[in-house]
Amino acid sequence: MNKLTFYLSMLCCCLMLTACSENTVTEQQATTASTTEPQGLKDAADFPLGTAVNLRLLQRDTQLRQQILANLNSITAENDMKMRSIAHSRDSFNFAPADRMLAFAETNNMRLFGHALIWHSSSPDWLPALAEDPVALDNFMREYIHAYVGRYKGKVDGWDVVNEVMNTAGGEYRETLWYKALGKDYVAKAFTYAHEADPDAVLFYNDFNIERDTAKLHGALRMIEELQAQGIPISGLGFQMHTRMDIPNDVIAYTLQKGAETGLQIHLSEVDIIFNKHDDTQGGGVQVYDEITPELLDQQKEKYKELVRMYRSIVPKTQQYGITFWGVSDRYTWINGFFNLKDKPTIFDEQHQPKPAYHGVMEGVMMEVE
Ligand code: G3I
């Protein structure tokens with residue numbers, strides 16, 4: 001399909017969708033979508049491509065939903081499958097949001113990725129009190145993971161079992177509620193419980209900045225080596241890849257190489273690329289650019305393209321779990337709200353139209369690699 005046909009198909013698709021209800025994701029909407037989709041990124045790629053998205057947006061933003069269906073074949077709940085959303089109390093788990101994500105994925109023949117089982121930043125308000133008793137915390141972790149992973153056995157393809165175990169910078173363990181109560185063994189326990197519940201699920205350790213902070217990467221790799229030496233069933237490493245235009249490609253290439261050497265599945269699990277800077281804390285954005293010019297957007301295209309190329313050429317085919325964007329539209333990116341920035345980190349603009357970055361990804365998935 002040439003570019004003109006592609007754009008005509010996209011236009012046609014958008015016009016049809018203005019007729020759809022904005023309120024619910026119905027089977028009819030999903031079917032309409034899948035029979036009219038143009039050739040998108042997923043059709044050009046030979047590995048899974050996905051996005052994180054909130055259920056609320058899937059339900060109410062038809063055009064966003066359309067772009068996702070046209071271009072991607074894997075989906076991750078941006079927030080709806082976190083512990084805060086599921087574990088309302090010690091013994092009451094509300095799986096309704098995860099059921100809805102699964103229904104959407106199954107209706108549209110997409111892979112559902114589970115994010116995230118154990119993450120300090122998604123602790124429900126009642127958890128710190130429980131964590132005062134390490135045995136009670138361990139019992140809860142086992143029951144929660146068994147119930148959750150067991151419910152979606154064979155349906156959720158892989159899980160971020162533990163998220164962000166390492167400190168923001170450097171290679172030491174983060175002193176979370178989990179670490180303080182159970183020591184570093186909480187990581188091994190979480191993987192073990194997840195494997196007991198679904199022996200076929202791909203089980204990931206997932207962290208941020210490991211594509212740029214090599215001390216942090218090496219801390220994570222040490223942990224992975226220890227887990228592997230103990231026979232703990234870890235099967236994947238997630239590079240969140242919330243990266244920046246000025247992070248050198250050769251550093252990213254080095255980290256991907258080191259990650260691939262573990263033999264684990266490698267997931268670029270939360271990809272976005274910002275122009276500005278931040279200090280990794282909420283509100284800690286530094287607005288470097290008053291305006292994101294067309295020239296900058298073209299540079300971002302090259303960065304996306306190079307990222308995809310490096311993933312394809314450095315990570316062996318059998319270890320390519322896929323690339324997941326952390327949102328695909330600049331209208332809803334978490335970056336601007338969280339860091340208090342005006343940035344454009346995703347592949348679609350605020351109107352959900354393809355940016356140069358989109359074409360960079362397309363070129364990256366289509367190019368010949370060694
Ligand atoms: O749903 C409530 C809403 O009812 C309320 O009115 C509103 C007021 O602030 O908050 C809403 O919840 C917010 C939620 O996103 C849904 O939009 C939370 O405050 C906000 O903290 C939450 O932020 C999410 C963050 O994780 C914390 O869970 C971001 O959307 C999400 O993009 C971000 O994702 C993380 C990954 O899970 C792990 N890696 C880093 C990545 C970016 O921080």
Side-chain angles (χ1 to χ4, degrees), residues 50-61 64 68 74-88 94 96-98 100-101 112-125 127-128 148 156 158-169 174 176-178 187 190 203-213 216-217 220 236-244 247 267-274 276-285 321-341 343-348:
T51 187
V53 66
N54 283 315
L55 268 172
R56 189 173 45 88
L57 291 180
L58 272 184
Q59 287 161 350
R60 77 161 197 224
D61 192 325
L64 176 75
I68 290 173
S74 177
I75 198 141
T76 302
E78 182 168 351
N79 292 304
D80 295 296
M81 289 175 69
K82 292 173 179 172
M83 190 183 282
R84 238 185 135 75
S85 166
I86 302 289
H88 288 193
N94 170 26
R100 289 207 291 278
M101 286 298 297
L112 178 60
F113 184 72
H115 174 84
L117 294 173
I118 303 295
W119 182 33
H120 64 281
S121 272
S122 188
S123 299
D125 293 340
L127 195 65
Y148 197 177
V156 168
W159 292 90
D160 283 331
V161 177
V162 284
N163 194 34
E164 302 177 8
V165 167
M166 295 289 138
N167 267 337
T168 295
R174 188 185 289 275
T176 65
L177 149 169
W178 297 98
V187 176
L203 303 179
F204 283 84
Y205 168 58
N206 191 49
D207 216 327
F208 66 96
N209 287 4
I210 55 174
E211 89 290 359
R212 70 179 83 160
D213 178 344
K216 181 166 181 172
L217 173 77
L237 170 61
F239 287 76
Q240 291 187 7
M241 201 64 74
H242 294 292
T243 198
R244 229 171 44 202
I247 303 300
H267 188 193
L268 306 191
S269 55
E270 306 186 12
V271 174
D272 46 30
I273 306 181
I274 63 169
N276 295 291
K277 299 192 176 181
H278 59 74
D279 63 4
D280 288 304
T281 65
Q282 192 152 7
Y321 190 75
I323 296 181
T324 298
F325 304 106
W326 207 245
V328 280
S329 172
D330 284 343
R331 189 186 307 174
Y332 301 126
T333 173
W334 70 286
I335 292 277
N336 291 337
F338 189 86
F339 293 117
N340 193 20
L341 280 174
D343 210 297
K344 296 177 187 282
T346 78
I347 60 171
F348 292 119

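Predicted, not measured: the structure shown is a model, and the values here were computed from it. As the structure lists them, so they are numbered: ligands from 1, and atoms in each ligand from 1.
- Among residues two or more places apart in sequence or in another chain, the ring pair (Phe, Tyr, Trp, His ring centres under 6.0 Å) test is passed with Phe113 by Phe204, His267, Tyr321.
- The 4.0 Å heavy-atom shell around ligand 1 contains residues Glu78, Asn79, Lys82, His115, Trp119, Asn163, Glu164, Gln240, His242, Glu270, Trp326, Trp334, ordered by chain and number.
- Taking His120 as the reference, Glu164, Arg174, Thr176 meet the side chain to side chain contact (heavy atoms under 4.5 Å, CB included) condition, with sequence neighbours excluded.
- Among pairs with a residue in residues 324-338, those fulfilling salt bridge (charged side-chain N to carboxylate O under 4.0 Å, His left out) read Asp61-Arg331, Asp330-Lys355, at least two apart in sequence or across chains.
- For the pair Lys216 and Phe208, the cation-pi criterion (under 6.0 Å, within 45° of the ring axis) is fulfilled.
- With Asp80 contributing its side chain and Leu55 its backbone, the two residues share a donor-acceptor pair below 3.5 Å.
- Checking Trp334 against Asp272 by side-chain atom types alone, a donor-acceptor pair falls below 3.5 Å.
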